[in-house]
Amino acid sequence: MHILKSSSEKVELHTDESFCLLAYTLTFEGKRRTPSSLSIGEDSITADFGALGAIEDHIRMEGDLLVLHRTWNLRQEGSYRLQAAFSYDDQELENKLFIPALWYQDNSKGKGCFPSAERSANWSFLETRMSIPCCAQLSNGKRLFTCASEPAQEQRFVASVATERHGMIISIPGSEWPYSYQGKQSLVDTSALALPCLAIPSEGMVYTRTFYLSNQKEESSLEAYCLFVEQLNALMPTDKPAGLDWTLWFEYKLTRLINLVQDDGKGLAYLLMGDGNKEVQDVYAFTSASFLVKSLQGAYELASLTNYRAQTKALLKAREKLASKFMLPDDQLLLAETAKRIGDFFLQAERSDGVFQDNYDLVNDIWGGYLGIGEHPEFKSMVNSRCNGEAMKQYVLLALTLRKLGMEEGSYLSLARRVARFYCEAQLSSGSFGRWWTEKGKPGDIQGTNGAYIGSFFCTLIPLLSDEDPLKADLQSAVHQAYSFYSELAYEGAFYGDTLDADSCDKEAGVALLSFFLDLYHLEHDKRLLQSAKLAAQFIVQWIWQCNSFLPEDSMLGQRTFRTRGMTSVSVAHHHLDFYGMAIAYEFLRYAAWTGETLYERQAKLMIQACRQLVATETDQLGRDEDYIGWQPEQLNHTAWEYFNRSHAMQGYYDIDIAWVTVLTLGSYQSILEEFPSMLEE
């Protein structure tokens with residue numbers, strides 16, 4: 001590494017193949033100050049600002065990663081803003097911006113009020129918005145320049161990152177402009193607000209912060225980001241979050257699943273979408289076979305646990321209540337009988353042959369395609385390919401499980417065949433299974449990745465069909481056409497529209513494609529599928545928190561010493577954390593087992609460990625009563641954002657009991673335990 005002075009305030013850092021420019025400035029009493037002198041050592045730089053103080057950098061190389069440890073020694077009383085400015089030689093080419101979990105392909109997909117290039121060409125975001133603090137990447141077709149910071153430890157030092165023509169500026173204290181995205185319907189204009197400052201007392205202050213820089217040859221943006229993650233994690237401390245013993249975690253999760261089972265009053269059952277959610281509970285007054293409730297997956301999990309013997313008082317009590325609710329004996333077949341009642345309930349969702357509307361409004365007695373909060377209310381009367389794919393896959397698995405228990409349920413497989421036929425006939429010439437369909441099989445919306453769930457459903461059904469069955473050949477042809485379409489989406493990086501309450505870029509789009517490619521690989525072992533799977537896996541990594549982000553100590557999460565590392569966020573439209581990581585971990589482990597790429601195994605471990613946190617137990621019910629033992633909140637609002645625009649529920653707040661969290665994490669745990677048990681060892 002060579003350090004060269006290039007001006008009175010700038011220094012060039014040269015390695016064998018890369019270049020980085022550091023700019024030294026300080027803002028004092030609202031005015032930008034430049035250093036009176038720059039001193040350069042073998043691995044250090046000192047910028048002297050006279051009476052104001054000095055900035056001292058110590059620099060080292062860790063592989064291809066440049067680690068800059070900066071100390072601000074502020075001597076004069078007053079108000080300051082600290083800056084760290086990094087840039088690179090972009091050869092005057094157009095730069096593309098990528099910020100993990102926040103800014104992807106200019107956030108051009110979707111109709112929400114989230115930040116996008118269409119709203120403003122320039123933005124500044126707080127470090128808590130992204131999965132690595134202050135992480136941003138600029139690429140120009142020849143080089144990829146990435147910066148990041150260690151997380152702040154105090155509120156006053158929470159930083160922000162903004163991009164300029166050739167690089168990035170990290171500011172402390174941080175600010176968001178020209179808008180701050182604080183809810184699905186709340187984009188706050190901050191352009192007229194004064195910038196925050198540090199008030200430095202007469203005795204001065206010393207503050208240190210470490211930054212990480214990378215200047216790589218052009219690869220794909222996401223591949224370069226994954227390499228940056230690998231290098232950064234090699235420098236991270238190995239602390240892991242405190243969490244439940246896995247046996248207790250499992251028992252409490254199963255307890256919550258059982259307690260979510262409701263009697264429809266006619267001898268059938270369903271899962272309640274969510275409960276105890278105070279002023280927003282009316283949003284959760286419906287059930288579904290898939291997506292937000294996942295009743296059929298819950299039924300499959302109950303059936304598969306028929307022979308499990310309860311160990312905790314909470315689970316024993318939940319079983320007793322369940323037996324009493326349906327007037328069943330609390331015996332070995334209790335969970336299987338309950339699972340069958342759930343499966344039978346959702347047989348009512350078929351409107352006509354293969355037209356399956358699996359969302360049911362409990363208040364208004366209405367079946368629909370998706371009845372939750374969404375940006376397109378006209379789609380409620382249609383059918384959705386994600387919902388259908390999820391529900392039918394689980395119907396197949398439920399039927400097979402009940403069959404092993406001596407409970408033949410051919411009606412489930414018959415329904416699955418009819419829905420499969422519907423999508424075979426509806427499949428577009430491109431190979432897409434679309435997103436929304438009318439009851440007559442006409443496309444209502446063909447955007448996004450929703451149809452990949454139909455591909456996974458077909459991969460589950462195909463092995464059950466005989467070679468003489470004409471449906472088998474049709475499904476095989478359909479999945480090959482679908483692969484051609486969805487692999488092209490992955491190649492283009494078009495991961496969007498998967499969550500039904502937004503059309504934006506989102507992590508579940510990556511999970512949908514990864515799952516489909518791996519399911520098809522499991523069926524056919526074509527290595528081209530793994531190449532496509534890698535593109536999806538790389539996309540997903542950006543949504544995984546690699547550091548323990550700042551949380552206010554007095555917040556609900558801060559008081560519990562919650563660790564964000566290994567947690568996942570949802571989309572550029574949903575700035576909260578969730579426990580979807582347990583499901584992603586299973587897919588990453590499958591991919592790593594087939595490819596030997598250990599990055600994804602390590603990322604899986606981070607997510608698995610993170611998902612052990614914040615589960616209500618018999619002794620700590622997370623603010624609720626014993627009926628909620630095993631609940632784990634859906635929304636963890638770690639930054640200045642809240643789904644329902646509630647200002648009191650930001651920056652360290654957790655909330656919302658919803659069935660998908662229980663069902664998805666429990667089912668993924670069971671899959672990991674069966675196929676990758678070593679990942680659950682201490």
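Keep in mind that what you see is a predicted model, and the values were worked out from it rather than measured. Basis for what follows: all heavy atoms, side chains included, without hydrogens, waters or symmetry-related copies.
- The aromatic rings of W631 and Y654 sit tilted relative to each other, their planes meeting at an angle between 30° and 60°.
- The distance from atom CE of M236 to atom CG of N548, rounded to the nearest 0.5 Å, is 9.0 Å.
- A side-chain donor-acceptor contact under 3.5 Å links S180 and E176.
- Between I629 and Q621 there is a side-chain heavy-atom pair separated by less than 4.5 Å.
- Side-chain contact between L198 and F157: present, with at least one pair of heavy atoms (C-beta onward) separated by less than 4.5 Å.
- Counting only N and O atoms by type, the side chains of Y496 and Q447 include a donor and acceptor under 3.5 Å apart.
- Between R386 and D498, at least one side-chain N (NZ, or NE/NH1/NH2) sits under 4.0 Å from a carboxylate O, which counts as a salt bridge.
- In terms of heavy-atom proximity, W177 sits nearest to A162 at CZ2-CB, 3.9 Å.
- Here the CG atom belonging to D445 is positioned 8.5 Å from the CG atom belonging to N450, to the nearest 0.5 angstrom.
- Residues P133 and P151 form a side-chain contact, since some pair of their non-hydrogen atoms from C-beta on lies under 4.5 Å apart.
- Between G451 and S385, the shortest heavy-atom contact is N-OG, 3.4 Å.
- Taking 4.5 Å as the limit, every side-chain heavy atom of S569 sits out of range of all side-chain heavy atoms of H575.
- Residues M130 and Q542 are not in side-chain contact: their nearest non-hydrogen atoms beyond the backbone lie 4.5 Å or more apart.
- Each of I656, L577, I658, V570 was scored for a side chain to side chain contact (heavy atoms under 4.5 Å, CB included) with Q635, with one residue passing: I656.
- With contacts defined as side-chain heavy-atom distances shorter than 4.5 Å, the pair L636/F579 qualifies.
- Without hydrogens or angle criteria, Y104 side chain to G493 main chain gives a donor-acceptor distance under 3.5 Å.
- No donor-acceptor pair under 3.5 Å is formed between the side chain of Q262 and the backbone N or O of L272.
- When atom types are taken as modelled, the side chain of Q281 and the backbone of G274 share a donor-acceptor pair closer than 3.5 angstrom.
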- Evaluate the criterion side chain to side chain contact (heavy atoms under 4.5 Å, CB included) for residue pair Y486 and F517; output intermediate values, then yes/no. CA-CA 9 Å; Y486 292 109; F517 299 150; 4.2 Å; yes

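- Taking the charged nitrogens against the carboxylate oxygens, E601 and K605 have no contact shorter than 4.0 Å, which rules out a salt bridge.
- D358 approaches G369 most closely through the heavy-atom pair OD1-O, 4.1 Å.
- Without hydrogens or angle criteria, T287 side chain to M273 main chain gives no donor-acceptor distance under 3.5 Å.
- Between R129 and W641 the shortest heavy-atom distance is NH1-CB, 3.8 Å.
- Between the side chains of E301 and Q297, at least one donor N or O sits under 3.5 Å from an acceptor N or O.
- Side chain to side chain, Q546 and Q603 meet the donor-acceptor criterion of an N or O pair below 3.5 Å.
- Annotation for I373 and D501: closest pair O-CB, 3.0 Å, computed over non-hydrogen atoms.
- Ionic pairing of D506 and K109 is not present here: no N-O contact between side-chain nitrogen and carboxylate oxygen is shorter than 4.0 angstrom.
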- Query: When you look at E618 and Y252, which way does the side-chain hydrogen bond (donor to acceptor under 3.5 Å, both in side chains) test go after all the steps?
  - Reply: CA-CA 9 Å; E618 290 166 292; Y252 292 141; 2.7 Å; yes

- V663 and L260: side chain to side chain contact (heavy atoms under 4.5 Å, CB included), yes or no, with the steps? CA-CA 10 Å; V663 176; L260 282 168; 5.7 Å; no

- Message: Set out, in order, the CA-CA distance, both residues' side-chain angles and the distance that settles side-chain hydrogen bond (donor to acceptor under 3.5 Å, both in side chains) for S221 and Q137, then state yes or no.
- Response: CA-CA 8 Å; S221 172; Q137 178 197 86; 2.3 Å; yes

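- Annotation: the span from L589 atom CG to I608 atom CD1 amounts to 5.0 Å, rounded to 0.5 Å.
- To the nearest 0.5 Å, atoms NZ (K184) and CG (N645) are separated by 9.5 Å.
- Side chain of E642 to main chain of R646: a donor-acceptor pair is present (N/O by atom type, distance under 3.5 Å, no hydrogens or angles).
- When only modelled atom types and interatomic distance are considered, Q609 and R612 share a side-chain donor-acceptor pair under 3.5 Å.
- Within a 6.0 Å sphere centred on CD of Q185, heavy atoms belonging to other residues, nucleotides or ligands number 12 at most.
- A tilted orientation is assigned to the rings of Y580 and W660, their planes being inclined by 30° to 60°.
- Side-chain contact annotation: S108 with D106, donor-acceptor N/O pair under 3.5 Å absent.
- By the 4.5 Å heavy-atom criterion applied to side chains, C135 and F228 are counted as neighbours.
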- Task: For the pair T568 and D578, evaluate side-chain hydrogen bond (donor to acceptor under 3.5 Å, both in side chains) and give the outcome as yes or no after the intermediate values.
- Result: CA-CA 6 Å; T568 53; D578 65 16; 2.6 Å; yes

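- From M567, atom CE reaches atom SG of C611 across 6.0 Å, with rounding to the nearest 0.5 Å.
- Checking side-chain atoms of D503 against main-chain N and O of K111 turns up no donor-acceptor pair under 3.5 Å.
- With 3.5 Å as the limit, one finds no donor-acceptor pair spanning the side chains of Y284 and D657.
- W103 and W123 have tilted rings, their planes meeting at an angle from 30° to 60° on a 0 to 90° scale.
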- Message: Run T146 and S214 through side-chain hydrogen bond (donor to acceptor under 3.5 Å, both in side chains) and show every step you take.
- Response: CA-CA 5 Å; T146 310; S214 174; 5.1 Å; no

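- Using a distance-only test at 3.5 Å, with no hydrogens or angles considered, a donor-acceptor pair links the side chain of N637 to the main chain of A649.
- For the pair S571 (side chain) and S504 (backbone), a donor-acceptor distance under 3.5 Å is absent.
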- Message: Set out, in order, the CA-CA distance, both residues' side-chain angles and the distance that settles side chain to side chain contact (heavy atoms under 4.5 Å, CB included) for V293 and Y270, then state yes or no.
- Response: CA-CA 9 Å; V293 188; Y270 59 85; over 6 Å; no

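- A perpendicular orientation is assigned to the rings of H574 and H576, their planes being inclined by more than 60° (bins at 30° and 60°).
- In plain terms, the two heavy atoms of A84 and F86 that are nearest each other are CB-CZ, 3.7 Å.
- A salt bridge is absent between R590 and E675: the closest approach of a Lys/Arg side-chain nitrogen to an acidic carboxylate oxygen does not fall below 4.0 angstrom.
- Counting only heavy atoms from C-beta outward, the side chains of R209 and I170 never approach each other to under 4.5 Å.
- A donor-acceptor pair is defined here as one N or O able to donate and one able to accept, closer than 3.5 Å; such a pair exists between the side chain of E127 and the backbone of A159.
- The distance between the ring centers of H648 and Y653 falls below 6.0 angstrom.
- Other residues, nucleotides and ligands place more than 12 heavy atoms under 6.0 Å from the CD atom of E279.
- Distance alone, capped at 3.5 Å, is enough to place a donor-acceptor pair between the E251 side chain and the T312 backbone.
- The aromatic rings of Y669 and W249 lie tilted to each other, with the angle between the two planes from 30° to 60°.
- Rounding to the nearest 0.5 Å gives a distance of 5.5 Å between CD of Q632 and OG1 of T665.
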